[in-house]
Amino acid sequence: MNIYRSTNNHKELLVIFAGFAGHFSHFVPFVPKTLDWICISDYRCLDLESLKEVFELFACYKKISIIAFSMGVWVANKAIVEWGVEESQITQKIAVNGTEFGIDKQYGIPPKLFALTLKRFDLKAFLQNLFLGEIPKDYVFLQEKELKEELKSLLNHQSSPQKNLIWDKVIISKNDLIFSSQNQIRFWSDFYPHKTQIISLDAPHFAFFHLQDLFRGL
């Protein structure tokens, strides 16, 4: 995994678990300069040991927020549960267009569809579905070969959550062509009835251009 840090001795920390093909450059335009922040991405190697240093930093901050995007919701759940992180240390957790299952017939991206995406992966087509519009020129993406390795890693490590976390907000895009909005709704309705604020958004899978207010509220 890749761990990007931008720390300037602020009292508040934002940890972003990016989705598949994610990169810290995708979030730079949105993160307030008043926060220290960390971006976790590139799941070709799902080595959760590497996240120990991230969770050890939690004791240094007055406020900690987590934003998990797409497959990053599954990774965040897996990491927090396996490391035994006390959720009381985290001020708020926000899930954007993902579920704790990640890959699942009912509650995530169906395994057959995921495997087909791996087999036929085309970066240009993926980016068109990701943004449903112009692709930002300053966004960094790995090469197709490396992204196929990431897809394979995610598929090989698919698993159901051992424990459900307490998520404060859930964002679900109506125009999501990557992660079925119906499967997202099904997951949050079945596992979190009346417990989590669910926000429906008129946006594509990469919804962050529509979520500036969310970042300003951290």
Side-chain angles (χ1 to χ4, degrees), residues 16-27 29-30 39-43 66-78 93-136 139 141-142 144 147-148 150-151 153-155 158 160-161 164-165 167-193 195-215:
I16 297 175
F17 286 83
F20 160 69
H23 187 269
F24 76 87
S25 64
H26 306 176
F27 303 98
F30 311 112
C39 182
I40 299 161
S41 62
D42 190 353
Y43 304 126
I66 287 179
I67 293 179
F69 171 51
S70 191
M71 289 299 297
V73 179
W74 173 76
V75 177
N77 171 282
K78 190 174 181 66
K93 292 188 290 297
I94 301 168
V96 180
N97 288 328
T99 72
E100 292 178 335
F101 279 79
I103 301 171
D104 187 83
K105 185 176 180 179
Q106 284 188 301
Y107 299 121
I109 300 174
K112 289 184 178 180
L113 176 59
F114 204 95
L116 185 63
T117 300
L118 169 59
K119 183 178 180 180
R120 301 180 179 177
F121 184 71
D122 177 85
L123 179 56
K124 184 177 180 181
F126 170 76
L127 295 180
Q128 288 174 340
N129 288 336
L130 182 67
F131 295 106
L132 291 184
E134 186 175 348
I135 301 166
Y139 276 24
F141 293 94
L142 297 177
E144 282 194 8
L147 292 174
K148 290 182 75 171
E150 185 177 4
L151 285 171
S153 173
L154 290 167
L155 188 61
Q158 64 178 304
S160 302
N164 296 124
L165 303 180
W167 294 90
D168 301 286
K169 290 181 183 177
V170 172
I171 312 294
I172 301 177
S173 288
K174 297 177 183 178
N175 305 320
D176 196 327
L177 298 184
I178 303 290
F179 204 118
S180 165
S181 56
Q182 291 303 313
N183 282 12
Q184 291 182 59
I185 292 168
R186 184 180 296 113
F187 169 76
W188 297 108
S189 298
D190 288 355
F191 288 86
Y192 291 85
K195 295 180 182 178
T196 299
Q197 181 185 5
I198 298 177
I199 301 170
S200 181
L201 197 66
D202 189 11
H205 185 63
F206 190 87
F208 295 97
F209 289 102
H210 301 258
L211 292 173
Q212 276 105 340
D213 288 344
L214 180 69
F215 282 89

Could you check if a side-chain atom of L211 sits within less than 4.5 angstrom of a side-chain atom of L201, using non-hydrogen atoms only?
yes
Got a second to check how far I171's CD1 is from I199's CD1, nearest 0.5 Å?
4.0 Å
State whether the side chain of N183 and the backbone N or O of G108 hold a donor-acceptor pair below 3.5 Å, judged by distance alone.
yes
Residues E150 and G19: closest non-hydrogen pair is OE2-O, 4.2 Å
Is there a side-chain contact between K93 and L165 (heavy atoms, below 4.5 Å)?
yes
Any side-chain donor-acceptor pair under 3.5 Å between E100 and N164?
yes
Backbone N or O of G98 within a donor-acceptor pair of the S70 side chain at under 3.5 Å?
no
With F20 as partner, the option from L154, D42, L130 fulfilling side-chain contact (heavy atoms from CB on, under 4.5 Å) is L154
Going from NZ on K124 to CG on N129, what distance comes out if it is rounded to the nearest 0.5 angstrom?
12.5 Å
Any I172 side-chain heavy atom under 4.5 Å of W188 side chain:
yes
In short, Y107 meets F187 closest at the heavy-atom pair CD2-CA, 3.4 Å
Are F131 and P136 close enough that some pair of their side-chain heavy atoms sits under 4.5 Å apart?
yes
Quick one, F17 and V73 - any side-chain contact, counting heavy atoms below 4.5 Å?
no
Kindly compute the distance separating CZ (F30) from CD1 (I67), expressed to the nearest 0.5 Å.
10.5 Å
For the pair H205 and L132, evaluate side-chain contact (heavy atoms from CB on, under 4.5 Å) and give the outcome as yes or no after the intermediate values.
CA-CA 8 Å; H205 185 63; L132 291 184; over 6 Å; no
Looking at CZ of F121 and CG of L116, how far apart are the two atoms once the value is rounded to the nearest 0.5 Å?
12.5 Å
To the nearest 0.5 angstrom, please state how far the CD1 atom of I109 sits from the CD atom of Q184.
9.0 Å
CA sep, side-chain torsions, deciding dist, call: D122, E144, side-chain contact (heavy atoms from CB on, under 4.5 Å):
CA-CA 7 Å; D122 177 85; E144 282 194 8; 4.1 Å; yes
Quick one: does W167's side chain get under 4.5 Å of I94's, heavy atoms only?
no
Taking all atoms of both residues into account, what is the closest heavy-atom pair of P111 and I103, and its distance?
CA-CG2, 3.8 Å
Should the pair F206 and F27 be assigned to parallel (<30°), tilted (30 to 60°) or perpendicular (>60°) ring geometry?
tilted
H26/F208 aromatic ring centres below 6.0 Å:
no
Point-to-point distance, once rounded to the nearest 0.5 Å, from OG1 of T117 to CG of L147:
12.5 Å
Correct closest heavy-atom pair for S173 and S181 would be O-CB, 3.5 Å
Scanning both residues in full, the closest heavy-atom pair of Y139 with P29 reads OH-CG, 4.1 Å
Hey, are the side chains of H210 and D202 touching, using non-hydrogen atoms and a 4.5 Å cut-off?
no
Atom of S160, atom of F101 and distance for their closest heavy-atom approach
OG-CE2, 3.5 Å
In the structure I gave you, are the side-chain heavy atoms of N97 and I178 within less than 4.5 Å of one another anywhere?
no
Applying salt bridge (charged side-chain N to carboxylate O under 4.0 Å, His left out), can you list everything that pairs with K148, at least two apart in sequence or on another chain?
none
